[in-house]
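Lettering of chains follows the sequences in order, A, B, ..., and the numbering in each one begins at 1.
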There are 2 protein chains.
Amino acid sequence: MRKTKRREGGKTDNRGTAGPSSRRPVPETDYEAVFRDFLQARGLKLTRERMVILEEVFKHDDHFDIDEFHMKMRKKGLKVSRASIYRTLPLLQECGLVDEVKTTERQAFYEHIHGRRHHDHLVCLSCGKVMEFYSPAIERLQEEICRRRRFKSLRHVLEIQGHCKDCA
Amino acid sequence: MRKTKRREGGKTDNRGTAGPSSRRPVPETDYEAVFRDFLQARGLKLTRERMVILEEVFKHDDHFDIDEFHMKMRKKGLKVSRASIYRTLPLLQECGLVDEVKTTERQAFYEHIHGRRHHDHLVCLSCGKVMEFYSPAIERLQEEICRRRRFKSLRHVLEIQGHCKDCA
DNA sequence: TTGAGATTGAGAACAAATCTCAATCGTGGC
DNA sequence: GCCACGATTGAGATTTGTTCTCAATCTCAA
């Protein structure tokens, strides 16, 4: 009995990052290399589970929460425990492949960011859709504010909540 | 098991302000009137607990989380259950007296906003200090973004995390 | 190949928030 | 002022997201 939550976000294009025909050593994707190097540098092991999770994360192009993620994997027959997911995502975060977005919702959600630009979120309170936006001007203003206060900014979260045009 | 006595009467109003040379009923503060009206309009009752919580909220001028808040009340001998606090804060939020700020921290915190201006937060990851800032320019840019997407904004959360000048 | 040490899975443990329900209170009508 | 009744309360139980525990298992450098 785990949950019954919503937040089914917008469509994904699922841009087939999956491996090409597997007969010869499939060329390692960018993110695989990043993760592998990170693990090595940290003296951590490259396990089947970690790789399965990595691949799955990069198949999602939208936001997801851990429970939904776990469910989806089980349906596909990929057996990885929830605990491993909880343990692996922070690693992916540490090596910059994934971003954890704590929202005003109870639970956190994640999104992969490798090769993507930083962005902020619009969240529809009716349908749960999450849209992204990026404003260089806002970013600049934030930097300015931090500079003035001698605050060393590490990251930020900007989430605007309301109703999307379909729900308004 | 409701437990023995509770509600050992007394003092609902007259928040000991040692009124100037007051000989007449202490004038209700602004926020008290707001809350009272709100309760009435909603057919809710004005209870001792609700008032105690309201007063306490307006004594804090900074951010607080529910547990800390509850503890502080107990120390003062104000007996109100955690459950009541959890139930009352959303009411105060509804009538615009209090703001719930969900942060990237695990738990939410609150701050009263009556008579205060909207603002965003800088959070120091080392010492936990929370600073406020307000940027009309950022606000305007956000509105612009929403307009362009036909998104009806209700509220937003902008939190910048990093290290304050004392911790850097 | 091997063994030290990292990792895993299942379930227990936690913690924040919410719910349950009998006892009790607040309020409008007399 | 008194009543009746629905709203509210407190204490503890429950829910829910996340983290921890530990025996079994796996990884990888030597």
Side-chain angles (χ1 to χ4, degrees), chain A residues 1-7 35-54 56 63-71 73-74 77-94 100-110, chain B residues 1-13 35-54 64-71 73-74 77-94 100-110:
Chain A
M1 275 85 269
R2 269 281 76 226
K3 61 124 161 233
T4 354
K5 294 231 82 183
R6 68 239 176 78
R7 171 152 275 147
F35 193 36
R36 193 178 297 265
D37 290 351
F38 168 79
L39 291 177
Q40 187 132 52
R42 287 277 239 93
L44 301 172
K45 291 177 177 168
L46 193 160
T47 63
R48 187 190 71 86
E49 288 80 1
R50 284 176 176 159
M51 275 330 218
V52 168
I53 292 170
L54 175 65
E56 199 56 25
H63 313 84
F64 57 91
D65 65 67
I66 291 189
D67 223 61
E68 166 198 330
F69 185 73
H70 182 230
M71 224 65 109
M73 292 186 84
R74 302 205 85 202
L78 300 171
K79 284 210 270 303
V80 176
S81 71
R82 201 191 316 274
S84 289
I85 297 173
Y86 271 107
R87 283 186 287 232
T88 301
L89 283 173
L91 293 178
L92 292 174
Q93 218 187 323
E94 261 192 87
E100 181 191 20
V101 186
K102 291 271 196 172
T103 74
T104 44
E105 290 297 308
R106 193 86 97 68
Q107 56 185 333
F109 67 82
Y110 291 82
Chain B
M1 268 136 249
R2 210 40 184 32
K3 217 331 198 23
T4 45
K5 57 66 172 307
R6 40 190 291 261
R7 198 143 268 166
E8 66 278 356
K11 317 203 121 159
T12 295
D13 206 8
F35 193 36
R36 194 178 298 264
D37 291 351
F38 169 79
L39 291 177
Q40 187 132 54
R42 287 279 237 93
L44 300 173
K45 292 177 176 164
L46 193 161
T47 63
R48 187 190 72 87
E49 287 79 0
R50 282 175 177 159
M51 275 329 217
V52 169
I53 291 170
L54 175 65
F64 57 90
D65 64 69
I66 291 188
D67 223 60
E68 166 197 331
F69 186 72
H70 181 231
M71 223 65 107
M73 293 186 84
R74 303 205 84 203
L78 300 170
K79 286 212 265 308
V80 175
S81 73
R82 203 191 315 276
S84 288
I85 297 174
Y86 271 109
R87 282 185 288 231
T88 301
L89 283 173
L91 293 177
L92 292 174
Q93 219 187 323
E94 260 193 88
E100 181 192 18
V101 187
K102 291 270 197 173
T103 73
T104 44
E105 291 299 307
R106 194 81 100 64
Q107 54 187 340
F109 66 82
Y110 292 82

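- Remark: Arg87(A) pairs with Ala83(A), Ser84(A) by the side-chain contact (heavy atoms from CB on, under 4.5 Å) rule, at least two apart or across chains.
- Between Asp67(A) atom CG and dT18(D) atom P there is a gap of 8 Å when expressed in whole angstrom units.
- Not a single side-chain hydrogen bond (donor to acceptor under 3.5 Å, both in side chains) links Thr47(A) to another residue, sequence neighbours left out.
- Applying the side-chain hydrogen bond (donor to acceptor under 3.5 Å, both in side chains) test to Thr88(A) and every residue at least two apart in sequence or in another chain returns nothing.
- Among residues two or more places apart in sequence or in another chain, the salt bridge (charged side-chain N to carboxylate O under 4.0 Å, His left out) test is passed with Arg50(B) by none.
- Taking atom CD on Glu68(B) and atom P on dA16(C), their separation rounds to 12 Å, with Å as the unit.
- Here the P atom of nucleotide dG17(D) and the CD1 atom of Ile85(A) are 14 Å apart, to the nearest Å.
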Report all interatomic pairs (protein N or O, nucleotide N or O of nucleotides 5-8 of chain C) with separations under 3.5 Å.
residue: dG5(C); atom: N2; partner: Lys45(A); partner atom: NZ; Å: 3.0
residue: dA6(C); atom: O4'; partner: Lys45(A); partner atom: NZ; Å: 3.3
residue: dT7(C); atom: OP1; partner: Lys45(A); partner atom: N; Å: 2.9
residue: dT7(C); atom: OP1; partner: Arg50(A); partner atom: NH1; Å: 2.6
residue: dT7(C); atom: OP1; partner: Arg50(A); partner atom: NH2; Å: 3.1
residue: dT8(C); atom: OP1; partner: Thr47(A); partner atom: OG1; Å: 3.0
residue: dT8(C); atom: O3'; partner: Glu49(A); partner atom: OE2; Å: 3.4

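- What separates CE of Met51(B) from P of dG26(C) is a distance of 12 Å, to the nearest Å.
- Between Met73(B) atom CE and dG10(D) atom C1' there is a gap of 14 Å when expressed in whole angstrom units.
- Residues passing the side-chain hydrogen bond (donor to acceptor under 3.5 Å, both in side chains) test with Glu49(A), sequence neighbours excluded: none.
- For Glu68(B), the side-chain hydrogen bond (donor to acceptor under 3.5 Å, both in side chains) test picks out no residue, with sequence neighbours left out.
- Side-chain N/O atoms of Tyr86(A) include none lying less than 4.0 angstrom from OP1 or OP2 on dT19(D).
- Where pairing requires Watson-Crick or G-U contacts shorter than 3.5 Å, the helical stems of DNA chain D with at least three consecutive pairs are C:1-30 with D:1-30.
- Around atom CD of Gln40(A), no more than 12 heavy atoms belonging to other residues, nucleotides or ligands sit under 6.0 Å away.
- Applying the salt bridge (Lys or Arg N to Asp or Glu O under 4.0 Å) definition to pairs two or more places apart or across chains, those involving residues 37-46 of chain B are Arg42(B)-Glu94(B).
- Straight-line distance from the CZ atom of Arg82(B) to the P atom of dA16(C): 9 Å, rounded to whole Å.
- Atom pair Gln40(B):CD and dG26(C):C1' shows a separation of 12 Å (rounding to whole Å applied).
- The interatomic distance linking Leu89(B) (CG) with dA17(C) (P) rounds to 10 Å, in whole Å.
- Proximity of Met51(A) to Arg36(A): side-chain heavy atoms (C-beta onward) are separated by under 4.5 Å at one or more points.
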